[in-house]
2 protein chains.
Amino acid sequence: MNKIITIGREFGSGGREIGRRLAEELQIAYYDHEIVLELVKRTNFTEAYIQQIQEKQPIPIFPITIGRTFSPQINPIMEQRNSVFIDQSNIIKEIAEKSDCVIVGRCADYVLRKKEPLRLFLYANMDFKMARCREKGNEGECLTDKELKQQILAIDKGRSKYYQFYTDQRWGDKSNYDLCINTSFIDLKKLVSVLSQMIEKYP
Amino acid sequence: MNKIITIGREFGSGGREIGRRLAEELQIAYYDHEIVLELVKRTNFTEAYIQQIQEKQPIPIFPITIGRTFSPQINPIMEQRNSVFIDQSNIIKEIAEKSDCVIVGRCADYVLRKKEPLRLFLYANMDFKMARCREKGNEGECLTDKELKQQILAIDKGRSKYYQFYTDQRWGDKSNYDLCINTSFIDLKKLVSVLSQMIEKYP
C-alpha cells in the first residue's frame, strides 16, 4: 500500500511549506492546489468558484413539512458543492492509488481513512501565524494587527466548518490525527528534516 | 540550558513506558514516581496519601460573605494539597537544574515553562487504552469492558481537573504542547526510536 501523508493545518502555521518540503525530502508526490486544477478540468467551474465554495461554510437545507408530507427542498448551490466535494474526493482517491504522496487539506485524512494515511495536523500560536502572514506578504499587507487576526480566525473557521460538515469530525481535534505539531518554536526546515526521518520509520 | 522533555499522557496511552524508554535511549535522567518518593522524604505524608491527593479533583473553597465582610474560610485539606503542589514544583525545578531529563506528568510542562521544555502529550483511542490496561494486568483485571472504560475516563478526568486547577490551562489541549502523539497505531519501541532522533534535532 502506498505511503500517504495528509496534512491538516491552521492558516499561517506553515502547513503548505512543510508539506511541499516534506514531499521533496521524501521524494514523493505533493498535492495541494493541483487538486483544484484537476477539478477545473473535470467540471464546468472556474478555479475561483471552486476555491470560493471550499472556503465558505456549507449551509445544508432541511426538509419543509407540509401537512404530514415531507417535501425535501433541493438547494442547487448545496447540490453543486456536494458534487464538487465528491469529484474532489474521487481525485484524491485516484492520487492515493498512484504513488506515495503528501496531500494538503481537503479532508484527505477522512476521504482516505480506509488507506490508513499518516495524518498530521499543524498548528501554531497566533503571534507566530500573524508574523508569518506578514512575512509572506500575500495576506494582510494593509491590515492592522486586529484585522489580520480576525482574518486568520475567519479562514480557520471556514476550514473548520467545511471539515465538520463533510466528515462529521472536529477539525484540529487531536483524536482525528496521528501527530499534531506546534510549529511556533521550531525552524520549519529543521522540522521537515526531522519529520521525514520519522515518517520513514512510521508503520 | 538543560534539555527537558515533559510528558503529559492519557491513562493507558503508554506514556510512562515511552518516557522511560526515551530517557534510556537518550541516556538522560527519568522522573516519574521518583518525585513522589522525594516528596515523602520532605513532608510528613505517606506515599499513598500524596498519590491520593494528586489523583482527586482539588476543591477550592470560596470566601463566605457575612454582611459586607469577607471572611475567607481556611480549608486545611486544600491548604495541604497546595503545599504538596508547591513542594513538588520545587523538586521539579531542582531536577531540571541538575541535568537533561524526562519528567512524566505533574504539570511539569507548566511548572518549567520558563525553561521552555519540549512538551509532549500522548493519547490514544479507547480500544487501544483498554487493551493496554488488560495486557498490563495491573488495572481492570476483574472489570467488565464498561467498568474498565469508566475507570480510564475517571482517571483522566482527575488528571484533567488537577492540571486545570494548578495551571489554568486545559489538559490535553494541543495549544499547550509542542507535539501530540497518537500512540494507537505505532509500536511503542519504534516510536521511541523515532522520537529520540527527533528530540536530538529539536531546538
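Naming convention: chains lettered A, B, ... in sequence-line order (proteins, then strands); numbering from 1 in each chain.
Here CG of B/N176 is found 11.5 Å from CG of A/N125. Values are rounded to the nearest 0.5 Å. Distance CE/A/M126 to OG/B/S175: 11.5 Å, rounded to 0.5 Å. Atoms SG and CZ, on A/C180 and B/F121 in that order, are 11.0 Å from each other to the nearest 0.5 Å.
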If you apply the rule side-chain contact (heavy atoms from CB on, under 4.5 Å), what do you find for A/D178 with B/F185, and how did you get there?
CA-CA 8 Å; A/D178 299 299; B/F185 309 108; 3.4 Å; yes

side-chain contact (heavy atoms from CB on, under 4.5 Å) between B/L179 and A/L179, worked out:
CA-CA 7 Å; B/L179 264 183; A/L179 263 183; 4.2 Å; yes

Between B/K174 and A/Y123, does the side-chain contact (heavy atoms from CB on, under 4.5 Å) criterion hold? Intermediate values first, please.
CA-CA 9 Å; B/K174 65 184 187 303; A/Y123 62 101; 3.6 Å; yes

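Of the two parts of B/S184, neither the backbone nor the side chain holds a non-hydrogen atom closer than 4.5 Å to a non-hydrogen atom of chain A. Looking at A/T183, neither its backbone nor its side chain comes within 4.5 Å of chain B, counting heavy atoms on both sides.
Residue-environment remark: CD (B/Q27) stays at or below the threshold of 12 foreign heavy atoms within 6.0 Å. Sparse packing is recorded around CZ of B/R170, with 12 or fewer heavy atoms of other residues, nucleotides or ligands lying under 6.0 Å away. Atom CZ of A/R16 has 12 or fewer neighbouring heavy atoms from other residues, nucleotides or ligands inside a 6.0 Å radius. Surrounding CD of B/E116 are at most 12 heavy atoms belonging to other residues, nucleotides or ligands under 6.0 Å away.
Applying the side chain to side chain donor-acceptor pair (under 3.5 Å) criterion to B/R106, with sequence neighbours excluded, gives B/D32.
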